[in-house]
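In this text, all values refer to a predicted model and were calculated from it rather than measured experimentally. Each ligand, and each atom within it, is numbered from 1 in the order the structure gives.
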Amino acid sequence: MKAAVVRENNDGYVDLIDDWEPRSLAFGEALVDVEYVGICHTDLHVAAGDFGDPNKMGTQNGKFRRVIGHEGVGRVSKLGEGASDYLKLGDRVSIAWFYDACGVCDYCVSGNETFCRNARNSGYTVDGAMAQQCVVNAKYAVKVPEGLDPVQATSITCAGVTMYKSLKVGETKPGQWVSVHGAGGLGSLAVQYAHNVFGAHVAVIDGNDDKLEAARLNGAEVLVNRKKEDVVARVNELTGGVHNAQVTAVNDAAFSQAVNVLRPMGKLVAVALPQGDMSLNIAKTVLDGIEVRGSLVGTRADLKEAFQFGAEGKVTPIVEKVPFSEINSVIDEMKQGSITGRKVIDFTTL
Ligand SMILES: NC(=O)c1ccc[n+]([C@@H]2O[C@H](COP(=O)([O-])OP(=O)(O)OC[C@H]3O[C@@H](n4cnc5c(N)ncnc54)[C@H](O)[C@@H]3O)[C@@H](O)[C@H]2O)c1
Ligand SMILES: CCCCCCO
Ligand SMILES: [Zn+2]
Ligand SMILES: [Zn+2]
């Protein structure tokens, strides 16, 4: 079978192989025939070894080869022993970054399971969705609701749930101002969840006018092109300062800008993962009571909620189907910042 695996030289691209075979099913696992898989910027980080070499975390056919992908959707085609308590054949399920966890630690039992120290991650510490078949833990594979387009569901599986959760982490309330730094895969959905679900006003910042226009059409009222305007001055001038800033831009500078557009007692919610450290204006942080919070994807409950808003038409991911053979071209486009919404690999035509 076909699969996309991290290259052994971690050059940031993937090898497209056709000798992929999923592992045999352990107790409680199920096999999924993959339909569609979105490419998240995290896949680029993984392929480049930014979080450590994923090929050293698993084997395939005796070689170290990790399948990427964690914005996957597909249908259950085989149930391992014990899986039928949770899934049935034909169920459409998601394959998300949060693959599974221990289920018993303080984080798992308090609604914070994504922070479990034994959590496993699709396309990183376990083989991911970018293959014709993928193994899932039946207890953790969140079902895609009927009525939600499967191609759009891929974007909610990571980008959508991540921003839905991070808006919760930012304690977003109706009528407040939210700034979204980066209008890419995550940012484009942050705009929709913030405006359509949380009832907030949205200011969006990017360097690409097409993405800013897409954000305007999805409810953003303030658009700032970082390459043409002073981000901090414009956002403060037009919003009076935001209540929370959602940083999805893969760029250190965006974090400093985010701090400086917050009104007193504002919250910076860090989501993006550029390599390096965040530099905070100490005086601003202290004198304005600023909070900085990190946010990591979403729990199974968050994903179920995020899907439901999609099924109800409150959010509509911008997606474009792309053939499996073009994965590395999509990686190049994402590096150039030229993708509005998400490119989604189509396994149904293989
Ligand atoms: N914390 C989490 O749970 C989580 C989940 C998913 C993705 N991520 C991370 O979030 C980041 C974004 O992922 P994505 O798939 O949306 O990426 P993307 O490439 O689709 O979008 C990034 C956007 O940032 C814009 N940008 C770059 N520099 C900017 C700047 N200085 N100011 C404003 N915009 C800027 C780019 O033009 C692009 O539109 C990645 O680092 C990814 O690893 C984190
Ligand atoms: C450590 C990387 C976290 C990214 C979540 C899914 O994109
Ligand atoms: Zn992701
Ligand atoms: Zn746990």
Side-chain angles (χ1 to χ4, degrees), residues 37-52 54 68-72 94-99 114-115 119-125 128-130 154-166 169 179-191 203-212 214-215 223-229 231-232 235 245-258 261 269-276 293-299 302-303 306 317-319 330-344:
V37 190
I39 294 184
C40 173
H41 205 119
T42 299
D43 293 316
L44 277 60
H45 293 307
V46 168
D50 289 349
F51 313 132
I68 65 163
H70 60 275
E71 287 195 341
S94 54
I95 302 151
W97 178 261
F98 178 60
Y99 182 87
T114 60
F115 295 114
R120 295 192 296 175
N121 304 124
S122 304
Y124 178 46
T125 51
M130 202 64 81
T154 63
S155 285
I156 295 175
T157 300
C158 187
V161 69
T162 296
M163 297 320 295
Y164 172 61
K165 179 66 172 209
S166 65
V169 171
S179 58
V180 177
H181 302 255
L186 272 69
S188 61
L189 279 170
V191 169
V204 62
I205 301 99
D206 202 289
N208 178 306
D209 285 330
D210 290 342
K211 299 185 188 189
L212 291 171
L223 317 174
V224 180
N225 187 315
R226 66 183 179 93
K227 293 177 179 172
K228 301 175 183 173
E229 303 173 89
V231 170
V232 173
V235 173
Q246 301 284 331
V247 187
T248 77
V250 192
N251 183 305
D252 304 2
F255 288 80
S256 307
Q257 290 170 350
V261 300
V269 187
V271 174
L273 291 150
Q275 303 300 296
R293 298 177 176 179
S295 190
L296 175 61
V297 293
T299 64
D302 293 320
L303 182 51
I318 303 165
V319 290
V330 173
I331 288 174
D332 274 332
E333 289 175 66
M334 186 165 262
K335 285 179 178 174
Q336 290 150 19
S338 59
I339 299 174
T340 298
R342 265 296 191 251
K343 294 272 178 101
V344 179

Would V271 and V247 count as a side-chain contact (heavy atoms from CB on, under 4.5 Å) here? Give the steps. CA-CA 6 Å; V271 174; V247 187; 5.9 Å; no

Does any non-hydrogen side-chain atom of [Y] lie less than 4.5 Å from one of [X]?
| X | Y | value |
| --- | --- | --- |
| S188 | T340 | no |
| V180 | L186 | no |
| L273 | D50 | no |
| P274 | V250 | yes |
| V204 | L212 | yes |

Euclidean distance, [Y] [atom2] relative to [X] [atom1], rounded to 0.5 Å:
| X | Y | atom1 | atom2 | value |
| --- | --- | --- | --- | --- |
| T157 | L303 | OG1 | CG | 5.5 Å |
| W97 | T114 | CH2 | OG1 | 12.0 Å |
| L189 | I318 | CG | CD1 | 7.5 Å |

Among all protein heavy atoms, pick out the one at the shortest distance from [atom]; state its residue, atom name and that distance to 0.1 Å.
| atom | answer |
| --- | --- |
| atom 20 (O) of ligand 1 | G185 N, 2.9 Å |
| atom 21 (O) of ligand 1 | G184 CA, 3.4 Å |
| atom 26 (N) of ligand 1 | A249 CB, 3.8 Å |
| atom 10 (O) of ligand 1 | A272 CA, 3.4 Å |
| atom 16 (O) of ligand 1 | L186 N, 2.9 Å |
| atom 5 (C) of ligand 2 | V297 CG1, 3.6 Å |
| atom 17 (O) of ligand 1 | H41 CB, 3.2 Å |

For H70, the option from D43, T154, N121 that meets side chain to side chain donor-acceptor pair (under 3.5 Å):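 Between H70 and the candidates, side chain to side chain donor-acceptor pair (under 3.5 Å) is satisfied uniquely by D43.
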
Which option wins on minimum heavy-atom distance to [atom]: [options]?
| atom | options | value |
| --- | --- | --- |
| atom 42 (C) of ligand 1 | L44, V224, T162, T42 | T42 |
| atom 31 (N) of ligand 1 | T114, I39, N251 | N251 |
| atom 32 (N) of ligand 1 | R226, H45, H70 | R226 |
| atom 25 (C) of ligand 1 | L189, I339, D206, T248 | D206 |
| atom 4 (C) of ligand 2 | T42, L186, D43 | T42 |

What do you reckon, does N121 put a non-hydrogen atom under 4.0 Å from ligand 2?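 False for this residue.
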
Side chain, backbone, both or neither: which part of [X] comes within less than 4.0 Å of ligand 2 when only heavy atoms are counted?
| X | result |
| --- | --- |
| F51 | side chain |
| H70 | side chain |
| L273 | side chain |

For the residue pair V319 and S155, what are the closest heavy atoms and their distance? CG1-OG, 3.4 Å

Is it the side chain (CB and beyond), the backbone, both or neither of A253 that lies under 4.0 Å from ligand 1, heavy atoms counted? neither

Applying a heavy-atom cut-off of 4.0 Å, say which part of C158 lies close to ligand 1: side chain, backbone, both or neither. side chain

Using the side-chain contact (heavy atoms from CB on, under 4.5 Å) rule, take I205 and S179 through it: C-alpha gap first, then chi angles, then the decisive distance, then the call. CA-CA 8 Å; I205 301 99; S179 58; 4.2 Å; yes

For [X], take its heavy atoms, then give the atoms of ligand 1 lying under 4.0 Å from any of them.
| X | value |
| --- | --- |
| L296 | 3 (O) |
| K211 | 37 (O), 38 (C), 39 (O) |
| M334 | 19 (O), 20 (O) |
| V250 | 11 (C), 12 (C), 40 (C), 41 (O) |

May I ask whether [X] places a heavy atom under 4.0 Å from ligand 1?
| X | answer |
| --- | --- |
| N208 | no |
| A159 | no |
| R342 | yes |

Could you tell me whether the side chain of [X] and the main chain of [Y] form a donor-acceptor pair under 3.5 Å?
| X | Y | result |
| --- | --- | --- |
| K211 | I339 | yes |
| T248 | G182 | yes |
| R293 | V169 | yes |
| K343 | M334 | no |
| S122 | A96 | yes |
| Q246 | M163 | no |

Is there a nitrogen or oxygen of [X] sitting under 3.5 Å from a nitrogen or oxygen of ligand 1?
| X | result |
| --- | --- |
| G207 | no |
| L273 | yes |
| V271 | yes |
| V297 | yes |

Please identify which atoms of ligand 2 are closer than 4.0 Å to at least one heavy atom of [X].
| X | answer |
| --- | --- |
| C40 | 7 (O) |
| L296 | 3 (C) |
| C158 | 6 (C), 7 (O) |

Using a plain distance cutoff, I'd like to know if W97 has any nitrogen or oxygen under 3.5 Å from a nitrogen or oxygen of ligand 2. no

Taking N, O or S atoms only and a limit of 2.8 Å, check whether H70 reaches the Zn ion (ligand 3).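 Short answer: yes, at least one N, O or S atom is under the cut-off.
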
If you have a sec, read the angle at the Zn ion (ligand 3) from C40 atom SG over to C158 atom SG, to 10 degrees.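 The angle at the Zn ion (ligand 3) comes to 130°, rounded to the nearest 10°.
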
Could you give me the CA-CA distance, side-chain angles and deciding distance for V235 and Q257, then say whether side-chain contact (heavy atoms from CB on, under 4.5 Å) is met? CA-CA 10 Å; V235 173; Q257 290 170 350; over 6 Å; no

May I ask you to decide if the ring planes of Y124 and F51 are parallel, tilted or perpendicular, using 30° and 60° as cut-offs? perpendicular

